[in-house]
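Shown next, in structure tokens, is the structure this report addresses.
Per chain, numbering begins at 1; letters A, B, ... match sequence-line order. Computed from a prediction, not measured in an experiment: that's the story for all the values here.
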Amino acid sequence: MDYRPLGRTGIEVSPLCLGTMMFGAWGNQDHDDSIRIIHRALDAGINFVDTADVYSDGESEEIVGKALKGRRDDVVLATKFFMPTGPGPNSSGGSRRYIISAVENSSAACRRTTSTCTRCIVPALRPMSRRRSGRCQTWCTRARSDRSGRPPTRAHRSSKRRSPPATVIWSGS
Amino acid sequence: MTEQPPYSILVRGIEEDILPTTQRYGMGTLVYSPLSGGWLTGRWRKDAPGAPVSKNRPPARFDMSSPANQRKLEAVEGLALLAEANGITLIELAVAFAITHPGVTSAIVGPRTMEQLESQITGVDVTLSAEVLDRIDELVAPGVTLNPDDNSYGAVSLTSAARRR
């Protein structure tokens with residue numbers, strides 16, 4: 001499969017991205033079958049997987065986490081924030097507070113089953129300020145380097161075992 | 001940063017605004033629904049428009065009595081013939097179209113079954129000739145979205161009156 005640059009991120013992705021909205025309660029409720037489908041896509045050369053916090057009320061992220069166990073570094077994983085995940089006024093939207101909690105929750109969903117789920121691509125529904133996106137990107141980078149959220153140390157930055165900086169992307173769906 | 005709008009042969013509105021913009025700024029663009037919610041699988045055809053629709057689907061996209069959806073049925077007839085004449089499936093035609101535009105990085109397919117994935121994945125290897133792309137333009141003009149309801153989230157940013165007054 002020919003890969004393409006994902007904008008100016010330096011990341012190369014396949015022309016097909018595997019959407020996972022149909023995995024879980026909203027579609028295929030058989031986790032093992034869903035995982036087989038994900039593995040088949042990866043085996044065919046697809047290296048781009050798109051999920052969202054709201055897909056099957058989080059079940060999709062859990063299935064993706066299970067499927068990517070041991071293969072996480074082969075995949076560019078996109079997830080989302082913005083749509084409501086709870087009743088309160090701060091359980092949705094593009095505030096810094098909500099973006100951070102969404103990324104944390106997404107990482108948690110993946111981390112339960114995937115030890116290396118550390119790189120997050122996070123699209124929101126509506127554009128936000130450059131300042132806010134910068135903060136989010138910084139936070140993702142920190143989360144990747146150190147789950148405590150502290151700034152990365154020099155050792156973290158120089159470690160060749162670390163993946164490239166996290167990427168924040170936004171838009172519909 | 002990337003953009004994630006809907007895009008398919010039946011939903012071409014982003015060719016006019018979003019794609020030139022993301023190209024200009026070097027943004028990656030993931031388009032979703034390259035099969036337009038199943039419309040470009042051939043599930044609904046002129047002679048068989050009554051195939052069941054999941055209750056989770058927005059009715060406005062599948063109400064066969066609406067003129068906009070009738071135009072989609074017409075287009076699908078032409079597209080199915082075009083695919084057949086070129087020895088590919090309608091699904092392959094639709095997937096290949098979505099990733100042909102230079103402003104598109106990737107098209108998101110959302111299979112529920114292994115069969116659906118297998119039918120979609122082969123579209124990656126299909127290269128559409130200029131003649132085929134010209135014929136698609138005749139069936140659905142560039143920049144045209146036959147049914148605005150297929151834009152899904154298109155109007156969310158305008159919900160607040162303050163955004164436009």
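- Other residues, nucleotides and ligands place no more than 12 heavy atoms under 6.0 Å from the CD atom of B/Glu16.
- Residue contact with chain A, scored on non-hydrogen atoms closer than 4.5 Å, involves the side chain of B/Glu118 exclusively.
- Counting all heavy atoms, side chain and backbone alike, A/Ala41 lies closest to B/Ile121 at CA-CD1, 4.4 Å.
- The same ILVMFWY cluster, assembled from side-chain heavy atoms under 4.5 Å apart, contains both B/Leu19 and B/Leu133.
- No more than 12 heavy atoms of other residues, nucleotides or ligands lie within 6.0 Å of CZ in A/Arg97, so this atom counts as exposed by the packing criterion.
- For the pair B/Ser106 and A/Phe48, the tightest heavy-atom approach, listed with the atom from each and the gap, is OG-CD2, 3.5 Å.
- Heavy atoms of other residues, nucleotides or ligands lying less than 6.0 angstrom from CG of A/Asp43 number more than 12.
- Heavy atoms of A/Ser14 lying under 4.5 Å from chain B belong exclusively to its backbone.
- Looking at A/Asp50 and B/Gln4, their side chains come closer than 4.5 Å, going by heavy atoms from C-beta outward.
- The shortest distance between side-chain heavy atoms of A/Leu6 and B/Leu30 falls below 4.5 Å.
- Heavy-atom pairs under 4.5 Å with chain A peak, among B/Pro34, B/Pro111, B/Ala107, at B/Ala107.
- Hydrophobic clustering (ILVMFWY, side-chain heavy atoms < 4.5 Å, transitive): B/Leu81 and B/Val76 are in distinct clusters.
- Residues of residues 31-40 of chain A that come within less than 4.5 angstrom of chain B, heavy atom to heavy atom, are A/Arg36, A/Ile37, A/Arg40 in numerical order.
- Atom CZ of residue B/Arg112 and atom CH2 of residue A/Trp26 lie 15.0 Å apart, to the nearest 0.5 angstrom.
- Rounded to the nearest 0.5 Å, atoms OG1 (B/Thr105) and CD1 (A/Ile11) are 11.0 Å apart.
- Of all non-hydrogen atoms in B/Ile99 and A/Pro15, the two that sit nearest each other are CG2-O, 3.3 Å.
- Note that CD1 of A/Ile46 and CD of B/Gln120 are 8.5 Å apart. Values are rounded to the nearest 0.5 Å.
- Chain A forms more heavy-atom pairs under 4.5 Å with one residue of B/Gly110, B/Ala98, B/Gly123 than with any other, namely B/Gly110.
- Counting only heavy atoms from C-beta outward, the side chains of B/Ile108 and A/Leu16 never approach each other to under 4.5 Å.
- You'll find the side chain of A/Leu18 reaches within 4.5 Å of the side chain of B/Leu117, heavy atoms only.
- Using a 4.5 Å cut-off between heavy atoms, B/Val31 does not touch chain A at all.
- Looking only at distances, a side-chain donor or acceptor of A/Arg4 sits under 3.5 Å from a matching main-chain atom of B/Val104.
- When the shell of 6.0 Å around OH of A/Tyr3 is examined, it contains more than 12 heavy atoms from other residues, nucleotides or ligands.
- Counting only distance, with no hydrogens or angles, the side chain of A/Asn28 and the backbone of B/Thr113 share no donor-acceptor pair below 3.5 Å.
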